[in-house]
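I have placed the structure first, in the form of structure tokens, so that the comments after it can refer back to it.
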Number of protein chains: 2
Amino acid sequence: MNKLVLLAVAGVLASGAPAAAQSSEKLDAAALAKIRDEGMNRSKVMETAFYLTDVSGPRLANSDGLKRANEWAKKQLTQYGLANANIEAWGDFGRGWDIEKSYVAMTAPYYHTMVGAPKAWTPSTPGALRLPVVVVKAATTAADLDQYKGQLRGKIVVMNVPTPPKTSTDPDLRRYSDEELKKLMEPAPPRPGVTTPDAAALATRRTMAELRTKTAEMLISEGAAAVLSARGGIYGTFNTTNGAPYAADAKPVLPEIEMTIEDQLRLIRLVEAGIPVEVEMETKTRFQSQDLKGYNVVAEIPGTDRKLKSEVVMLGGHIDSWHAATGATDNAAGCAVMMEAVRILKATGLKPRRTIRIALWGEEEQGLHGSRNYVKNNFGDPATMKLLPAHEKLTAYFNLDNGGGKIRGIYAQGNEAIAPIFSEWLKPFNDLGATTVTLRNTGSTDHVAFDAVGLPGFQFIQDGLDYFPQTHHTNQDTYDRLIADDLKQASVVVASFVYNAAMRDQKLPRKALPTVPKAQ
Amino acid sequence: MNKLVLLAVAGVLASGAPAAAQSSEKLDAAALAKIRDEGMNRSKVMETAFYLTDVSGPRLANSDGLKRANEWAKKQLTQYGLANANIEAWGDFGRGWDIEKSYVAMTAPYYHTMVGAPKAWTPSTPGALRLPVVVVKAATTAADLDQYKGQLRGKIVVMNVPTPPKTSTDPDLRRYSDEELKKLMEPAPPRPGVTTPDAAALATRRTMAELRTKTAEMLISEGAAAVLSARGGIYGTFNTTNGAPYAADAKPVLPEIEMTIEDQLRLIRLVEAGIPVEVEMETKTRFQSQDLKGYNVVAEIPGTDRKLKSEVVMLGGHIDSWHAATGATDNAAGCAVMMEAVRILKATGLKPRRTIRIALWGEEEQGLHGSRNYVKNNFGDPATMKLLPAHEKLTAYFNLDNGGGKIRGIYAQGNEAIAPIFSEWLKPFNDLGATTVTLRNTGSTDHVAFDAVGLPGFQFIQDGLDYFPQTHHTNQDTYDRLIADDLKQASVVVASFVYNAAMRDQKLPRKALPTVPKAQ
């Protein structure tokens with residue numbers, strides 16, 4: 001899931017029971033039983049997840065790990081019997097970046113290995129550094145930066161942490177209760193946080209962003225050697241993000257390691273108590289600029305109905321991840337489920353009428369690039385709403401990218417006509433906990449690109465498990481977090497939705513096209 | 001808290017209300033108010049905890065960090081105005097050991113820094129190693145070891161992990177509910193787990209221990225270069241223990257790093273899938289054998305009553321810790337509270353009739369050595385029940401070592417006469433959540449040494465918070481885990497108990513002396 005703010009727009013109630021009367025979905029019970037049997041009893045989803053995570057490794061945009069995963073996925077989809085498997089460029093992305101060494105320890109007042117990883121796209125240290133530490137606080141005015149003049153040369157800068165970690169009284173593993181699912185079906189409550197910020201708030205935001213840039217520039221001009229920082233996390237878990245732009249012509253930044261907040265705060269407390277602190281650190285990162293393109297992996301199960309096979313049902317999830325773990329819940333889980341769904345459809349020998357196309361998106365974490373550009377290249381441009389011929393041919397896109405939790409339902413994205421259909425489609429899986437259709441929108445995943453040009457694009461409702469705050473974009477998003485039963489269930493539900501969409505006499509109903517061109 | 005099994009022996013109900021009639025405790029309300037005011041409004045407990053944890057560092061038995069903490073505590077207690085502050089040897093312990101470098105990463109099939117620390121008392125690697133990995137499973141028969149013959153030379157051995165981490169549905173932060181406290185006052189339920197094991201079970205245990213020794217010997221004789229292992233923990237937290245005896249004449253072992261279970265399992269999964277795995281690791285550990293003694297820190301507030309000042313009230317906790325964190329909840333918290341309690345008593349200017357003696361125990365984590373030997377040297381030997389003159393003079397020992405949680409009551413250790421007295425003593429702090437006296441025993445802390453020779457030794461009941469499983473003996477037992485309000489409350493309750501015991505006309509009632517000599 002991308003870091004963009006989740007947009008939840010108010011929708012109206014869409015429940016299975018009252019909707020049933022309006023729906024006349026013909027479901028192929030025998031086919032659905034085959035799908036369920038294959039997915040539940042001969043699942044390969046954990047094996048797929050293992051290859052995407054442990055074997056491929058971290059899959060940062062345009063990294064070696066992502067290339068390994070793309071190659072493996074293409075080969076595997078071909079082995080499943082899919083056609084036209086391809087790693088296709090979606091356009092220009094930026095530099096590749098991989099970690100070759102990461103080590104950080106406090107060496108005075110005593111030795112303590114610290115836990116961290118280089119921020120994405122930050123450069124190497126010039127060998128191993130062993131230097132005194134200075135704490136730099138976030139500036140609120142430009143004058144705040146003056147105090148560091150002449151203080152930073154040859155030092156490792158520890159950025160101050162605004163808030164200490166707070167132990168939670170919530171359980172780590174969370175599933176939707178019936179009550180919560182019911183609430184999710186109600187229109188989304190108004191969210192005071194998403195009102196348009198006023199001029200003063202915008203100005204403050206701009207000032208803070210400028211100050212962050214100024215601070216980064218000052219660290220370089222004052223001769224600081226490297227930076228240590230931390231954001232969130234607890235008990236050895238830390239969050240990761242990029243520390244520099246990935247553009248080929250990006251300005252230089254300092255080497256920077258993102259650490260656990262516990263390690264960071266110990267350094268800060270010691271420095272603030274006047275105790276000299278020394279840190280040893282070494283990062284070695286490798287950039288590549290030979291291939292600046294971004295890629296998606298696509299493959300097809302060709303349709304078998306003469307009239308309908310030119311129409312397409314799509315399913316997908318993003319295959320890229322952050323770099324300090326192996327992106328298991330974000331989003332090897334979604335990709336493994338989607339790959340398993342097409343494997344199930346091939347293994348059952350079912351003959352879908354429409355063509356089914358799987359897409360494993362690249363560069364989602366850097367701004368939904370893979371899906372946005374795929375949509376722009378194939379279906380239409382949301383900025384101009386100029387549509388391409390294939391726009392007419394896509395019946396739906398189904399996405400999975402809310403962690404490793406099983407499917408509890410689907411967000412209908414305000415598509416009132418589709419809600420009762422989805423309610424019918426969920427019925428055979430009500431006993432597996434998949435029950436809920438909400439008209440609410442959800443954001444931050446690749447279905448948004450489809451929705452933006454008026455195509456039916458959907459993200460499923462998933463149990464949260466430990467996605468927030470433990471695994472999402474942290475160093476602990478590893479294979480260990482995946483629960484086989486959840487992924488099996490999701491594979492079966494997705495396979496059935498895709499199959500139903502491929503078999504339906506009519507294409508799925510659409511919302512009205514966006515009338516106002518949307519800014520990307 | 002030591003790793004020995006917690007012993008909870010059945011006791012009978014001891015509640016405040018019904019006991020009140022039997023008690024005629026004269027409490028000095030004005031003195032208690034002063035204690036409360038000083039402890040709540042001018043607390044130094046977090047500052048003390050900071051010096052014990054962040055500033056001193058890890059405090060493994062006979063390490064440099066423990067020496068720093070001992071020195072600081074002695075100085076600080078003297079500054080508080082205590083008399084006779086001393087770091088006194090309790091006897092022979094074994095070698096000192098400190099970490100000077102710890103680095104471990106997977107370097108093939110791709111680079112991934114791993115999270116771990118050398119097991120205590122393991123040797124250094126000969127510089128940085130970069131070697132292939134082989135997985136060794138726990139042997140259940142001697143024949144199991146044969147398969148590794150000729151397979152281990154020049155390899156890094158990854159010990160197999162029996163169980164993957166399991167995300168909990170319990171909250172991380174736990175406090176006793178009223179219901180749970182009520183239950184704690186009932187006699188402990190019979191515990192099937194603590195029945196004497198039968199001959200077959202004992203034989204199996206012996207065999208398993210022998211197999212572990214044989215495995216360790218085989219790793220050396222087969223020429224393995226180093227070991228990686230893991231036990232429990234989740235989300236980047238790992239447990240630590242010793243990897244070799246601390247005895248000066250201990251047999252050599254291999255360098256060994258204890259890691260997060262996530263990192264360990266990734267290596268194992270890759271190896272088992274037939275993918276070549278390479279690990280880079282470097283540990284540098286420093287042994288010292290100049291001073292093999294163990295130490296306790298003691299200091300006194302001399303009594304002011306001519307007749308009673310030869311009698312002593314003791315309070316304490318262990319100051320040593322494990323080595324991968326700074327032992328904040330185990331047990332800087334307990335020491336900080338005890339030091340704060342005596343600071344409060346000095347700051348209030350109260351004049352205790354009996355002498356108050358604080359003891360910060362060394363080497364608890366290696367077998368309650370500091371307190372056991374102190375008791376043996378000063379009060380009597382539990383093996384022979386030969387008692388020394390000071391045995392008669394000790395009115396009570398109060399211990400704190402169940403994490404950083406506030407005090408909810410006290411374990412009366414089967415002392416029926418003392419229960420109603422403690423109930424009275426808790427009353428002024430009922431509003432702070434300290435309410436419960438249980439006759440149950442608790443074990444695994446330093447009060448056990450006193451109880452073993454028939455002295456009134458007690459451990460308080462404390463809220464569990466995140467002690468299990470997050471902080472107890474893990475790499476995440478850091479200052480960040482401490483909650484100021486909890487430690488302030490505990491300091492005030494302890495100061496009042498110690499003060500009451502020092503002022504009481506009579507010594508506190510004792511249980512009958514153990515009649516059968518106990519094995520240490």
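Quick note on labels: first sequence line is chain A, next is B, and so on, each numbered from 1.
- Highest contact tally toward chain B, considering only A:Phe50, A:Tyr235, A:Phe238, is held by A:Tyr235 [criterion: heavy-atom pairs under 4.5 Å].
- Contact annotation: the side chain of A:Leu131 never approaches that of A:Glu278 to less than 4.5 Å [non-hydrogen atoms, C-beta and beyond].
- By the 6.0 Å and 45° rule, A:Lys44 does not stack over the aromatic ring of A:Tyr51.
- Looking at B:Arg481, B:Arg408, B:Arg175 one by one, the single match for salt bridge (charged side-chain N to carboxylate O under 4.0 Å, His left out) with B:Asp486 turns out to be B:Arg175.
- Looking at A:Asp54, both its backbone and its side chain come within 4.5 Å of chain B, counting heavy atoms on both sides.
- When each of B:Pro165, B:Gly116, B:Gly233 is scored by its heavy-atom pairs under 4.5 Å with chain A, the top score falls to B:Pro165.
- Note on A:Gly57, A:Ser102, A:Gly65: by heavy-atom pairs under 4.5 Å with chain B, the leading option is A:Ser102.
- Side-chain contact between B:Met259 and B:Ser229: absent, with no pair of heavy atoms (C-beta onward) separated by less than 4.5 Å.
- For the set B:Arg269, B:Arg266, B:Met106, B:Met114, the entry with the most heavy-atom pairs within less than 4.5 Å of chain A is B:Arg269.
- Annotation: maximal heavy-atom pairing with chain B below 4.5 Å, among A:Ala324, A:Pro109, A:Pro171, occurs at A:Pro171.
- Looking at A:Thr260, there are no atoms closer than 4.5 Å to chain B (heavy atoms on both sides), in backbone or side chain.
- Contacts between A:Arg68 and chain B at a heavy-atom distance below 4.5 Å involve the side chain alone, from C-beta outward.
- You'll find the ring centres of A:Tyr103 and B:Tyr103 inside the 6.0 Å limit.
- Proximity to chain B involves both the backbone and the side chain of A:Val55, based on heavy atoms less than 4.5 angstrom apart.
- In this structure, the portions of A:Glu262 lying under 4.5 Å from any heavy atom of chain B include both its backbone and its side chain.
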message = Could you walk me through whether A:Lys166 and B:Asp480 satisfy the salt bridge (charged side-chain N to carboxylate O under 4.0 Å, His left out) test, starting with their C-alpha distance in whole Å, then the side-chain angles of each, then the deciding distance to 0.1 Å, before giving a yes or no?
response = CA-CA 8 Å; A:Lys166 200 171 170 337; B:Asp480 314 275; over 6 Å; no
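- You'll find the side chain of A:Leu66 reaches within 4.5 Å of the side chain of A:Ile319, heavy atoms only.
- Proximity to chain B involves both the backbone and the side chain of A:Lys101, based on heavy atoms less than 4.5 angstrom apart.
- B:Leu270 touches chain A through backbone and side chain together, each having a heavy atom under 4.5 Å away.
- Of the two parts of A:Thr237, the backbone and the side chain both hold a non-hydrogen atom closer than 4.5 Å to a non-hydrogen atom of chain B.
- In terms of non-hydrogen atom pairs under 4.5 Å with chain A, the most contact-rich of B:Thr167, B:Thr53, B:Thr113 is B:Thr167.
- Side-chain contact between A:Tyr110 and B:Ser56: absent, with no pair of heavy atoms (C-beta onward) separated by less than 4.5 Å.
- Contact annotation: the side chain of B:Thr125 approaches that of B:Met281 to within less than 4.5 Å [non-hydrogen atoms, C-beta and beyond].
- Residue with the most contacts toward chain B among A:Leu173, A:Thr326, A:Asp263, A:Asp170: A:Leu173 (heavy-atom pairs, distance under 4.5 Å).
- The aromatic rings of B:Trp121 and B:Trp97 sit tilted, their planes meeting at an angle between 30° and 60°.
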